[in-house]
Structure formats: structure tokens, C-alpha cells
Trainee: 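I'd like to ask some things about the structure below.
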Amino acid sequence: MNEQQGSIVCVGVGMTLGSHLSPLSRSYIEQADVVFSLVSDGLVEQWIGQMNPDVRSLQPYYHEGTSRLVSYNAMVAAMIAEVKAGKKVVGAFYGHPGVFACVPHKVIEQARALGYYGKMEPGISAEDCLFSDLAIDPGQFGCSHFEASQFMFYKRIIDPSAYLILWQVGIAGDLSLSKFSTGESYRQVLIDILSLHYPKDHQVILYEAPTLPIHSHRIESLPLSSLLHAEIHGYTTLVIPPCQELIRNMEVLQRLDAIDKDHKNIKLV
Ligand SMILES: C[S@@+](CC[C@H](N)C(=O)[O-])C[C@H]1O[C@@H](n2cnc3c(N)ncnc32)[C@H](O)[C@@H]1O
């Protein structure tokens, strides 16, 4: 299919103002006809405003009491309208535009389906900051990530010998998809699910990456049961370190050992 004039590129501006934006993403922002932004802080929005004269915030599309799905569709529609008008459109999203963020994926998919150019440029996500600030290597024990509500709504396989990271824990359990935060009764349900796999006194971590360079991160360790009354914001991520040691899979290790021995014998023959 021939691509039509008009394009959408979604870039990530990273978590911390001024320090995480890649040169390529910056140049997309600077050269765009119009930039739609969804960022963590008014100052970040102003910073992007210095790179392009036409920056439009997507924040007003969120309304407490309105399903986020409605807001997401409206954001996508606003961007697609400009793409159809033949403009070079950029969506500038905080963190990585493709990590726990559906609007950038949706708008690129729709633009491509209509025959327009669509691309995503990575950014530094909350997860990247978390790995640095908490000195976690996800490869050490393995690591699974879930959106907290989805984790509650579905039966998932939990591996307590790996890290478990729950995103959007501030709105955990929100069936309406329209709340800006959920309260203690919702959180108690999450604690009860986690308590099936982790001791109640297991130390979990509330993590917040700094959005401004003058801020520092928040790393608060607390027992699982204390999550109930903890201060949790829309920008808090819950990190649950492993509570069990890795268990060797003796059957697989023996099979692999036998293969090694076979190979040695072949060499000797
Ligand atoms: C809709 S997701 C967006 C994630 C973003 N795309 C990224 O790459 O990090 C929102 C969730 O990201 C996490 N998050 C956002 N800002 C954060 C911050 N400053 N520190 C830690 N986690 C954050 C929280 O779990 C929050 O509920």
C-alpha cells in the first residue's frame, strides 16, 4: 500500500525532565507539525512546549467518572484527525510510549491500517529507573510485570521465586475503569491475593522515580500487610521481591548432563 501524506510517531520523553529524551525523539518533536503530549508534570509539558510551537495536552481527555477507554479513544481520534489532515504528528508520552500505555499502540495501529506512516520510538520507562534505583537485575531471579487490576481480575500464575512488579497499584481493582484512585477495601483484596503466595510480613517496595531533576526517588520498604494504609499515588509502582529460593529442575539438569556426556563420547570415538 502506498503511504499517504500524514504520519504519526510516538516518542517517549522518559521519566525525568531534561535527562531521558533521546536526540532522535527530540528531533521528531522539533520537526512535527503538531505534538500531542501526555506527560507526568506541567513543567515537563512546558519543556516540550519549548521544542515546538504547537503542543496540545492530552491530559484534559481524562475525567474522573468517565471510562478510561472512552478517554483513550478520544485521544486516538484527535491525533488521527491531524494525521488525516496530512500533518506530521508526534505523540510525546512520558516514560516509554509502549510500556503500560495503550494510546500510542492504538494510534499507530489505526494510522497504519489507514495507509499512513506510524512508528514508535522507545523511551526510558519507570521500569528502567526502578532497575537502576533499586539495583535490580531482572535476569537474576526473573521478573514478571502486571497491571495491578488485570492481575486481580484474572487468575495468573505467580512465581514467588521471581520479582513481581505491579503497575497502576493506585487504581488496583477499579472495575469501572473510571477512578483516579481506589481505596483500602480494594487494596485489601489485592493484599489477600498476594498473601496466598507471600508471607504477610514479606517486605515489599513502593517505588516512585523522580519526574523533576530536583526531586529524588521514593523507595519505601514495608511489610505486605502494611500496604493497606500506605501512601500510594497514581505514579507509584509496587515491587515484590522473591520470597522463595530458586528450585533446581533435577529432571532437566539430568537430561542436559546426559547430552553433555553423549557429546563427550562422540568426540572420543
Ligand atoms: C499508564 S502507566 C505508564 C507507564 C509509562 N509508559 C512508563 O514507561 O513508565 C502508569 C504507571 O506507571 C508507573 N509510573 C508512572 N510514573 C512513575 C514514577 N514516577 N515512578 C514509578 N512508577 C511510575 C506507575 O505504576 C503508574 O501507575
Side-chain angles (χ1 to χ4, degrees), residues 9-22 25 36-45 47-48 57-59 61-62 64 67-69 71-73 75-76 90-108 120-136 138 143-152 163-174 177-182 186-187 190 194 204-221 227 230-240:
V9 177
C10 291
V11 305
V13 302
M15 299 307 295
T16 310
L17 182 151
S19 31
H20 292 169
L21 181 65
S22 76
S25 293
F36 288 90
S37 76
L38 192 59
V39 293
S40 48
D41 195 285
L43 286 174
V44 178
E45 212 157 76
W47 172 56
I48 297 172
S57 175
L58 290 170
Q59 205 66 48
Y61 286 89
Y62 282 120
E64 188 140 35
S67 166
R68 282 189 288 285
L69 299 182
S71 307
Y72 296 155
N73 287 338
M75 292 179 198
V76 171
V90 163
F93 296 85
Y94 74 92
H96 185 305
V99 172
F100 288 85
C102 68
V103 170
H105 285 294
K106 277 190 177 186
V107 73
I108 290 171
M120 183 179 285
E121 270 302 311
I124 293 179
S125 70
E127 164 190 26
D128 297 308
C129 299
L130 180 159
F131 290 148
S132 302
D133 290 335
L134 296 178
I136 291 174
C143 179
S144 49
H145 292 256
F146 296 96
E147 197 278 331
S149 294
Q150 191 201 58
F151 178 80
M152 296 167 76
Y163 282 96
L164 174 64
I165 299 183
L166 296 182
W167 298 63
Q168 303 208 124
V169 74
I171 48 172
D174 175 21
L177 303 178
S178 65
K179 294 190 166 75
F180 282 0
S181 71
T182 48
Y186 295 82
R187 219 184 281 171
L190 175 63
L194 291 168
V204 302
I205 303 162
L206 292 171
Y207 173 74
E208 289 163 11
T211 49
L212 299 180
I214 48 162
H215 292 161
S216 51
H217 53 240
R218 172 184 178 206
I219 297 176
E220 184 180 344
S221 285
L227 269 183
E231 196 179 323
I232 297 185
H233 306 115
Y235 47 89
T236 310
T237 299
L238 174 63
V239 180
I240 306 177

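Counting starts at 1 for both ligands and their atoms, in listed order.
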Trainee: For Gly12, does its backbone N or O pair with a side-chain atom of His96 as donor and acceptor, under 3.5 Å?
Mentor: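 Answer holds: no.
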Trainee: Is there any protein N/O under 3.5 Å from an N/O of ligand 1, and what does the full list of such pairs look like?
Mentor:
from	atom 1	to	atom 2	distance (Å)
ligand 1	6 (N)	His96	O	3.0
ligand 1	6 (N)	Val99	O	2.8
ligand 1	8 (O)	His96	N	2.7
ligand 1	8 (O)	His96	O	3.3
ligand 1	9 (O)	Ala126	N	2.8
ligand 1	19 (N)	Ala209	O	3.0
ligand 1	20 (N)	Ala209	N	2.7
ligand 1	20 (N)	Tyr235	O	3.3
ligand 1	22 (N)	Tyr235	O	3.3
ligand 1	22 (N)	Thr237	OG1	2.8
ligand 1	25 (O)	Gln168	N	3.1
ligand 1	25 (O)	Thr236	O	3.2
ligand 1	25 (O)	Thr237	OG1	2.8
ligand 1	27 (O)	Gln168	N	3.1
ligand 1	27 (O)	Gly234	O	2.9

Trainee: Answer yes or no: does atom OH of Tyr186 have more than 12 heavy-atom neighbours from other residues, nucleotides or ligands under 6.0 Å?
Mentor: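 Not more than 12 within 6.0 Å, no.
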Trainee: Does the Arg68 side chain pair with the main chain of Lys179, one donor and one acceptor, at a distance under 3.5 Å?
Mentor: yes
Trainee: With no hydrogens and no angle check, is any side-chain donor or acceptor of Asp128 less than 3.5 Å from a backbone partner on Ser132?
Mentor: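 Between the backbone of Ser132 and the side chain of Asp128 there is no qualifying donor-acceptor contact (under 3.5 Å).
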Trainee: Is Ser149 reaching over with its side chain to a backbone N or O of Ile171, donor-acceptor style, under 3.5 angstrom?
Mentor: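 Indeed, once roles are kept as given, a pair shorter than 3.5 Å links the two residues.
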Trainee: Working note: His233 + Arg218, criterion side-chain contact (heavy atoms from CB on, under 4.5 Å); need CA distance, chi angles, decisive distance, verdict.
Mentor: CA-CA 11 Å; His233 306 115; Arg218 172 184 178 206; 4.0 Å; yes
